[in-house]
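The next block holds one structure in the form of structure tokens; read it before the comments.
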Amino acid sequence: MSNSEENMREIKINSNEANQRVDKFLSKYLDKANKSFIYKMLRKKNITLNNKKSDGSEKLNEGDIIKIFFTEETLEKFSSKPDKNNIISSMQKVSKIDVHNIIYEDDNLILYNKPAGELSQKAEVNDMSVNEQLIRYMLDNNEIKESEFKTFKPSVCNRLDRNTSGMLIFGKSMAGLQTMAELLRNRDMHKYYLCIVRGIITKEEEITGYLTKDRKNNKVKIVKDNIDSKGEYIRTKYIPICNNKEYTLLKVLLITGKTHQIRAHLSSIGHSIIGDVKYGEQSVNSYFKREYGLKYQLLHSYELQFDNVDGALSYLSNKKFTAPLSDRFIQIINGEKLNGNLEQ
């Protein structure tokens, strides 16, 4: 390969490509090349960073210049082009997002009130999910170009079960994705859920345990002691809002976030969520299905509280957002006389 200006592709790093390693970026850009080839090109200075030799470990900054000294034929061999027609065609199959469900939006993220029954992300190739709907929303608003999909793709940052409603975080930028991932990993944000459970709870409490997964049945089991060392440690805090002598409206703080944690943890202490066909009680579920048409667990990701947020999203520090309840949730609260102060 000739290291000449005639056979050179220059890439100026934008904000959504920054803050990642050079080799990671190149693996996306030269998506048909293996890593050993990329490192070989870096060693031979057929790929440079800011006109200097790179070993691939450097972190990219916005405005950095990567030069790739390949012929067009070689570049086409190792780098596939985003299929604009395919992207547009696939997005046209995705239904438009309901903008009334957008709780908050800025250049870095969207907070979206996901209805029960919708997927956060695809489970199968042909699934439609909120993730695809929000990507289409960005495309329709010219907030992202098809050409950017190769090195950056916006995405949801947290998942909710299909039949759990409420607060879904969607990263529109690399800064949004990375900041939210760090906050979720370090538990530097507080996620509160609302649910109605069987039985009477009168005092606030934090419960702990260990969660093991039954992948065959897509269920989890909660045990108090991690005897076989296979369980994942979990912490759940619940705050009773009010009760009607049979059921309690709870506000639940998810301290650790594991699959089905709230549903299984509450069920393990005798307070299953109404409507929950996996962890609940058939007689309770039958009553709420008959009286209110409830066919799924009544669990709603209600509130998101940020503490101190560093970096590009520092403006979110100490802010709180709430996701309005569905009409059915409100109907059940009113029907069961469980109206209480949700600001507890």
Side-chain angles (χ1 to χ4, degrees), residues 1-91 107-109 121-122 124-125 131-132 135 138-139 143-157 159 170-186 310-313:
M1 296 178 199
S2 175
N3 198 337
S4 69
E5 296 297 318
E6 292 182 4
N7 297 316
M8 185 267 289
R9 173 75 59 87
E10 182 175 293
I11 306 163
K12 186 175 183 179
I13 300 301
N14 63 36
S15 59
N16 286 332
E17 295 166 337
N19 298 313
Q20 61 180 310
R21 285 170 54 120
V22 171
D23 51 5
K24 186 174 181 180
F25 170 82
L26 290 171
S27 292
K28 297 173 185 176
Y29 195 86
L30 301 173
D31 55 321
K32 293 182 179 180
N34 57 40
K35 287 187 177 180
S36 61
F37 174 80
I38 290 172
Y39 290 129
K40 181 180 178 182
M41 293 301 99
L42 288 167
R43 287 195 302 271
K44 297 181 70 173
K45 291 187 71 174
N46 283 320
I47 302 176
T48 63
L49 171 64
N50 297 324
N51 295 317
K52 296 179 181 179
K53 186 175 182 179
S54 165
D55 65 9
S57 65
E58 301 89 344
K59 185 167 281 192
L60 290 168
N61 297 303
E62 185 175 359
D64 280 349
I65 301 294
I66 289 178
K67 290 182 179 179
I68 302 177
F69 295 92
F70 291 3
T71 64
E72 283 300 316
E73 292 80 8
T74 303
L75 197 57
E76 288 180 9
K77 178 180 178 182
F78 292 107
S79 177
S80 61
K81 293 181 179 179
D83 189 340
K84 180 176 179 179
N85 292 328
N86 185 51
I87 292 170
I88 292 174
S89 175
S90 63
M91 284 299 112
D107 291 340
N108 294 306
L109 79 159
Q121 287 183 306
K122 286 185 176 184
E124 304 290 342
V125 175
N131 191 62
E132 281 67 48
I135 291 173
M138 288 186 67
L139 283 167
E143 294 185 86
I144 191 168
K145 299 175 182 177
E146 292 87 355
S147 58
E148 295 181 62
F149 276 76
K150 190 166 189 175
T151 54
F152 171 74
K153 193 172 183 180
S155 175
V156 297
C157 306
R159 290 193 183 194
F170 180 83
K172 294 173 62 178
S173 68
M174 183 64 77
L177 285 172
Q178 290 179 333
T179 302
M180 290 301 112
E182 184 177 0
L183 292 176
L184 287 164
R185 182 172 58 252
N186 296 334
D310 297 325
L313 276 68

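Source: prediction; values computed, not measured.
- One distance of note links NZ of K52 with CD1 of I65; it measures 14.0 Å at 0.5 Å rounding.
- Distance CG/L177 to NZ/K172: 12.0 Å, rounded to 0.5 Å.
- Using a 4.5 Å heavy-atom cutoff, the side chains of S155 and N131 are in contact.
- Atom NZ of K32 sits in a crowded spot, with more than 12 heavy atoms from other residues, nucleotides or ligands closer than 6.0 Å.
- Of all non-hydrogen atoms in K45 and F69, the two that sit nearest each other are O-CD1, 3.9 Å.
- The two residues C157 and M180 make their nearest non-hydrogen contact at SG-CB, 3.8 Å.
- Contact annotation: the side chain of L60 never approaches that of K24 to less than 4.5 Å [non-hydrogen atoms, C-beta and beyond].
- You'll find the side chain of I13 stays beyond 4.5 Å of the side chain of E62, heavy atoms only.
- With rounding to the nearest 0.5 angstrom, the CG atom of L184 is 11.0 Å from the OG1 atom of T179.
- In K122, the NZ atom is crowded: over 12 heavy atoms of neighbouring residues, nucleotides or ligands sit closer than 6.0 Å.
- Counting non-hydrogen atoms of neighbouring residues, nucleotides and ligands closer than 6.0 angstrom, the CD atom of Q121 exceeds 12 such neighbours.
- Closest non-hydrogen pair, S54 versus E58, comes out as OG-OE1, 2.7 Å.
- Within the 4.5 Å cutoff, no side-chain heavy atoms of L313 are placed close to those of L183.
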N108 and S173: CA distance, side-chain angles, deciding distance, side-chain hydrogen bond (donor to acceptor under 3.5 Å, both in side chains) verdict
CA-CA 5 Å; N108 294 306; S173 68; 2.6 Å; yes

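- Under the 3.5 Å distance criterion, the side-chain polar atoms of E17 are left unmatched by any main-chain donor or acceptor of T151.
- In this structure, D55 and L42 approach most closely via the heavy-atom pair C-CD1, 4.1 Å.
- Considering every non-hydrogen atom in both F170 and M138, the closest pair reads CE2-SD, 3.7 Å.
- In this structure, the side chains of I66 and I47 come closer than 4.5 Å at one or more pairs of heavy atoms.
- Here the side chains of N16 and I144 are not in contact, with every heavy-atom distance at 4.5 Å or above.
- With values rounded to the nearest 0.5 angstrom, M41 atom CE is found 10.0 Å from L30 atom CG.
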Between D23 and K35, does the salt bridge (charged side-chain N to carboxylate O under 4.0 Å, His left out) criterion hold? Intermediate values first, please.
CA-CA 8 Å; D23 51 5; K35 287 187 177 180; over 6 Å; no

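- To the nearest 0.5 Å, atom CD1 of residue I135 and atom NZ of residue K153 are 5.0 Å apart.
- A heavy-atom distance below 4.5 Å is not found between the side chains of R9 and S79.
- For N34, the CG atom is densely surrounded, since the number of other residues' heavy atoms within 6.0 Å is greater than 12.
- Going from atom CZ of F78 over to atom CG of L26 covers 13.0 Å, rounded to the nearest 0.5 Å.
- Side-chain atoms of N7 do not come within 3.5 Å of backbone N or O of F70 as any donor-acceptor pair.
- Contact annotation: the side chain of Y29 never approaches that of I38 to less than 4.5 Å [non-hydrogen atoms, C-beta and beyond].
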